[in-house]
Amino acid sequence: MNQIQRTVFIMLMVDLCGILYLQHLLADNFAIMGVVLYMVILSLAAGSLMAPRPSRLHRIVGLAILFIAVGDFFLVFLGTLPMFTKDDLFVKVFGMIGFICAYSTLTWLFTRGFTLGKPDLLMLLPVFVVISPVLYVLLPLIKGPMFYFAIFFTFIVSFMAWNGLCVIHRGFYTRKVAVRFAMAGFLMLLSDMGVAFVMFYPGMQTNVPWLENEIWITYVPAWTLVFINLLEERLAN
């Protein structure tokens with residue numbers, strides 16, 4: 001990493017430590033905590049707008065970051081306002097749509113140089129290890145249209161994470177860019193499995209500090225890695 005990338009990474013990791021600490025202090029005050037969380041994501045989005053974009057690939061990376069800011073506007077920020085709660089159906093649906101757009105954009109990036117050989121099939125294993133127990137626990141609890149939406153969303157994030165892992169051996173991106181993309185995609189999968197429990201498991205709709213920590217310990221570093229790739233002068237080989 002160059003000096004700018006190191007500085008960005010250190011700053012965002014310091015922010016993450018602050019978030020983890022505040023989640024214990026503000027466990028019963030979601031409004032303040034939500035604003036703090038969203039400001040971190042908004043800073044990534046603002047940085048992506050200011051970063052140079054010398055290629056089409058850079059522009060697509062920046063677009064993915066903007067989509068997650070939209071998704072978190074619904075899932076994180078709107079819940080801080082008195083007229084909404086994070087359990088409102090439209091908040092959940094539009095937030096998930098924002099993330100579907102972000103993950104679809106990342107999938108486009110990750111499928112450059114697509115292959116389907118033995119190494120690609122082996123990369124399915126860690127994805128299934130993560131999603132299988134979550135689906136086993138949560139699917140019986142989800143009713144109505146949200147059941148089908150949850151299945152669709154799980155497919156989108158799993159397909160993205162799988163292709164992210166495959167980026168390492170497909171050879172389209174430079175090695176350091178590929179490793180960051182792979183780590184980012186898998187961390188996003190872990191984060192979203194935590195979000196699924198917050199959204200659908202009874203008793204976890206209110207702040208559960210250990211679960212919130214799992215979500216943000218994986219989520220912030222994931223998108224920080226994507227942002228650091230945006231700051232690379234060259235992404236592809």
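FYI, side chains are in, hydrogens and waters are out, and symmetry mates aren't considered; it's all heavy atoms of this structure.
- Linking ILVMFWY residues whenever their side-chain heavy atoms come closer than 4.5 Å, directly or via other members, leaves L121 and I168 in distinct clusters.
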Go through V157 and F99 one step at a time and tell me if the side-chain contact (heavy atoms from CB on, under 4.5 Å) criterion holds. CA-CA 9 Å; V157 67; F99 275 80; over 6 Å; no

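- The two residues M123 and C166 have their closest heavy-atom pair at CB-SG, 3.8 Å.
- Within a 6.0 Å sphere centred on OH of Y148, heavy atoms belonging to other residues, nucleotides or ligands number 12 at most.
- Transitive grouping of hydrophobic side chains (ILVMFWY, heavy atoms separated by less than 4.5 Å) brings F200 and Y136 into a common cluster.
- Counting heavy atoms from C-beta on, the side chains of M146 and V93 come closer than 4.5 Å.
- When all heavy atoms are compared, the tightest approach of A222 to M188 is CB-CG, 3.7 Å.
- Under the 4.5 Å side-chain heavy-atom criterion for ILVMFWY residues, no single connected hydrophobic cluster contains both W223 and L66.
- For the atom pair L37 CG and E212 CD, the distance stands at 7.5 Å (nearest 0.5 Å).
- Hydrophobic clustering (side-chain heavy atoms under 4.5 Å, transitive across Ile, Leu, Val, Met, Phe, Trp, Tyr) keeps L122 apart from F128.
- In this structure the side chain of L235 reaches within 4.5 angstrom of the side chain of V61, judged on heavy atoms.
- Among all heavy-atom pairs drawn from S158 and I131, the shortest one is OG-CG2, 3.5 Å.
- Contact annotation: the side chain of N163 never approaches that of L109 to less than 4.5 Å [non-hydrogen atoms, C-beta and beyond].
- Of all heavy-atom pairs between L75 and G95, the closest is CG-CA, 3.6 Å.
- Looking at R53, its side chain does come within 3.5 Å of a backbone N or O of S48 through a donor-acceptor pair.
- Across all their heavy atoms, A51 and L230 have their closest contact at CB-CD2, 4.0 Å.
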Residue pair L63, W108: steps toward the side-chain contact (heavy atoms from CB on, under 4.5 Å) verdict: CA-CA 12 Å; L63 183 62; W108 186 92; over 6 Å; no

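- Residue-environment remark: CZ (F149) exceeds the threshold of 12 foreign heavy atoms within 6.0 Å.
- Looking at heavy atoms from C-beta onward, V70 lies out of side-chain contact with C101 at the 4.5 angstrom threshold.
- Without hydrogens or angle criteria, S43 side chain to V40 main chain gives a donor-acceptor distance under 3.5 Å.
- Summarising the geometry, atom CG belonging to L44 is positioned 11.0 Å from atom CG belonging to L49; distances are rounded to the nearest 0.5 Å.
- Side chain of Y38 to backbone of A69: a donor-acceptor contact under 3.5 angstrom is found.
- Distance OH/Y201 to CG/L138: 8.5 Å, rounded to 0.5 Å.
- Side-chain N/O atoms of D120 and T115 include a donor and acceptor closer than 3.5 Å.
- Side-chain contact between L189 and M160: absent, with no pair of heavy atoms (C-beta onward) separated by less than 4.5 Å.
- Counting heavy atoms from C-beta on, the side chains of F197 and I215 never come closer than 4.5 Å.
- D192 contributes atom CG, which lies 3.0 Å from atom OH of Y103 (distance to the nearest 0.5 angstrom).
- Residues L125 and V129 form a side-chain contact, since some pair of their non-hydrogen atoms from C-beta on lies under 4.5 Å apart.
- With values rounded to the nearest 0.5 angstrom, F159 atom CZ is found 10.0 Å from S104 atom OG.
- Taking both residues in full, the closest heavy atoms of P126 and L165 are given as CG-CD1, 3.8 Å, listed atom of the first, atom of the second, then distance.
- Inspection of the Y173 and N229 side chains reveals no N or O donor paired with an N or O acceptor under 3.5 Å.
- Residues F90 and F74 form a side-chain contact, since some pair of their non-hydrogen atoms from C-beta on lies under 4.5 Å apart.
- Within the 3.5 Å criterion, the main-chain N or O of E232 finds a donor-acceptor partner in the side chain of H58.
- Considering only residues two or more places apart in sequence or on other chains, T174 meets the side chain to side chain donor-acceptor pair (under 3.5 Å) condition with none of them.
- Using a distance-only test at 3.5 Å, with no hydrogens or angles considered, no donor-acceptor pair links the side chain of R112 to the main chain of F114.
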Starting from the C-alpha separation in whole Å, work towards a yes-or-no answer on side-chain contact (heavy atoms from CB on, under 4.5 Å) for I41 and F77. CA-CA 10 Å; I41 300 306; F77 183 71; over 6 Å; no

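- Under a hydrophobic-cluster definition in which Ile, Leu, Val, Met, Phe, Trp and Tyr are linked whenever side-chain heavy atoms come within less than 4.5 Å, directly or via other members, F67 and M39 are assigned to different clusters.
- Note: L225 CG to L187 CG = 7.0 Å, rounded to the nearest 0.5 Å.
- The local environment of CZ in F152 is sparse, with at most 12 non-hydrogen atoms from other residues, nucleotides or ligands closer than 6.0 Å.
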